[in-house]
Amino acid sequence: QVHLVESGGGSVRSGGSLRLSCAASEYTYSSSCMAWFRQAPGKEREGVAAVNGAGVTSYADSVKGRFTISRDYARNTLYLQMNSLKPEDTAMYYCAAEPYNYCSASWWEPAAFGYWGQGTQVTVFS
């Protein structure tokens, strides 16, 4: 059964850092494209970063140079290290997975992923 559980959200001052984690069931994790999305109130869900089964990463322009996506195969866990946080990064962050080794060319679209976690809230205050 596919199961994704996010953690690590919280409130942080602008310029601060947070690390999100996504614990995945082994079925989900092995040979999967995995990604982080976020959704702010009144806005559409948007892709933040993705990593394929080979470890190749992709990022939204808005987070390049500030966020890092990584995966720990031994722990079946996906991470998102977020540095230099800004108030506009405030959103619910979701972990997503698709059981294919390579990510879709349009990985930033929610429709590219079939499995989702419940989300973890990130709030950045100035």
Side-chain angles (χ1 to χ4, degrees):
Q1 184 174 349
V2 176
H3 197 52
L4 302 170
V5 179
E6 302 96 333
S7 61
S11 295
V12 63
R13 187 176 297 275
S14 181
S17 299
L18 282 174
R19 189 176 79 158
L20 306 183
S21 300
C22 172
S25 59
E26 185 173 353
Y27 173 80
T28 307
Y29 196 76
S30 59
S31 300
S32 293
C33 170
M34 300 193 73
W36 289 98
F37 282 73
R38 66 186 181 187
Q39 187 167 20
K43 294 188 177 181
E44 294 185 352
R45 190 170 297 191
E46 61 175 0
V48 174
V51 58
N52 68 15
V56 177
T57 58
S58 302
Y59 294 93
D61 287 343
S62 59
V63 305
K64 280 182 181 176
R66 300 189 299 123
F67 290 10
T68 302
I69 189 171
S70 62
R71 60 198 304 172
D72 185 332
Y73 287 95
R75 290 181 169 83
N76 286 357
T77 302
L78 179 74
Y79 300 102
L80 184 68
Q81 178 67 45
M82 305 185 295
N83 299 328
S84 302
L85 282 161
K86 305 174 181 180
E88 50 263 44
D89 294 317
T90 295
M92 185 72 79
Y93 282 71
Y94 297 90
C95 175
E98 189 69 6
Y100 300 106
N101 199 38
Y102 293 97
C103 296
S104 166
S106 56
W107 64 267
W108 56 87
E109 297 283 356
F113 292 86
Y115 303 103
W116 295 85
Q118 82 291 347
T120 186
Q121 178 67 37
V122 171
T123 302
V124 185
F125 57 92
S126 56

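We're numbering straight along the sequence, starting at 1.
- When hydrophobic clusters are built by joining Ile, Leu, Val, Met, Phe, Trp and Tyr residues whose side-chain heavy atoms come closer than 4.5 Å, directly or via intermediates, Val48 is grouped together with Leu18.
- Using a 4.5 Å cut-off between side-chain heavy atoms of Ile, Leu, Val, Met, Phe, Trp and Tyr, with links allowed through other members, Val63 and Phe37 fall into different hydrophobic clusters.
- Residue Cys22 holds its SG atom at 4.5 Å from CE of Met34, rounded to the nearest 0.5 Å.
- Ring centers of Phe67 and Trp36: at least 6.0 Å apart, outside the cut-off.
- A donor-acceptor distance shorter than 3.5 angstrom exists from the side chain of Arg71 to the backbone of Asn52, with no hydrogens or angles considered.
- Inter-residue side-chain proximity for Gln81 and Ser17 is flagged as met; some heavy-atom pair is nearer than 4.5 Å.
- Panel note: side chain Thr123, backbone Thr90; no donor-acceptor pair is recorded below 3.5 Å.
- Counting heavy atoms from C-beta on, the side chains of Phe113 and Cys33 come closer than 4.5 Å.
- Within the 4.5 Å cutoff, the side chain of Phe125 has heavy atoms near those of the Arg13 side chain.
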Output, in order, the C-alpha distance, side-chain angles, deciding distance and verdict of side chain to side chain contact (heavy atoms under 4.5 Å, CB included) for Tyr79 and Arg19. CA-CA 7 Å; Tyr79 300 102; Arg19 189 176 79 158; 3.7 Å; yes
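- A pairwise comparison of heavy atoms in Ala54 and Tyr73 identifies N-OH, 4.4 Å as the closest pair.
- We find that Asp89 and Lys86 are not joined by a salt bridge, their nearest charged nitrogen and carboxylate oxygen being 4.0 Å or further apart.
- Closest approach of Val122 to Met82, counting heavy atoms only: CG2-CE, 3.8 Å.
- For Glu6 (side chain) and Cys95 (main-chain N/O), a donor-acceptor pair under 3.5 Å exists by modelled atom type.
- For the pair Pro99/Tyr115, a side-chain contact is recorded, criterion being any heavy-atom separation below 4.5 Å from C-beta on.
- Heavy atoms of other residues, nucleotides or ligands lying less than 6.0 angstrom from CD of Glu44 number 12 at most.
- Of all the heavy atoms in Ala112 and Ser106, the pair that sits closest is CB-O, 3.8 Å.
- Under a hydrophobic clustering in which Ile, Leu, Val, Met, Phe, Trp and Tyr are joined whenever their side-chain heavy atoms come within less than 4.5 Å, directly or via other members, Tyr93 and Val12 fall into the same cluster.
- No chain of hydrophobic side-chain contacts below 4.5 Å, direct or via other Ile, Leu, Val, Met, Phe, Trp or Tyr residues, connects Tyr59 to Trp107.
- Placement of Ile69 and Trp108 in two distinct hydrophobic clusters is found when ILVMFWY residues are connected by side-chain heavy-atom separations under 4.5 Å, directly or transitively.
- Partner of Tyr94 under the side chain to side chain contact (heavy atoms under 4.5 Å, CB included) criterion, out of Gln39, Arg38, Gln118: Gln39 alone.
- The shortest heavy-atom contact between Ser21 and Thr77 is CB-CG2, 4.2 Å.
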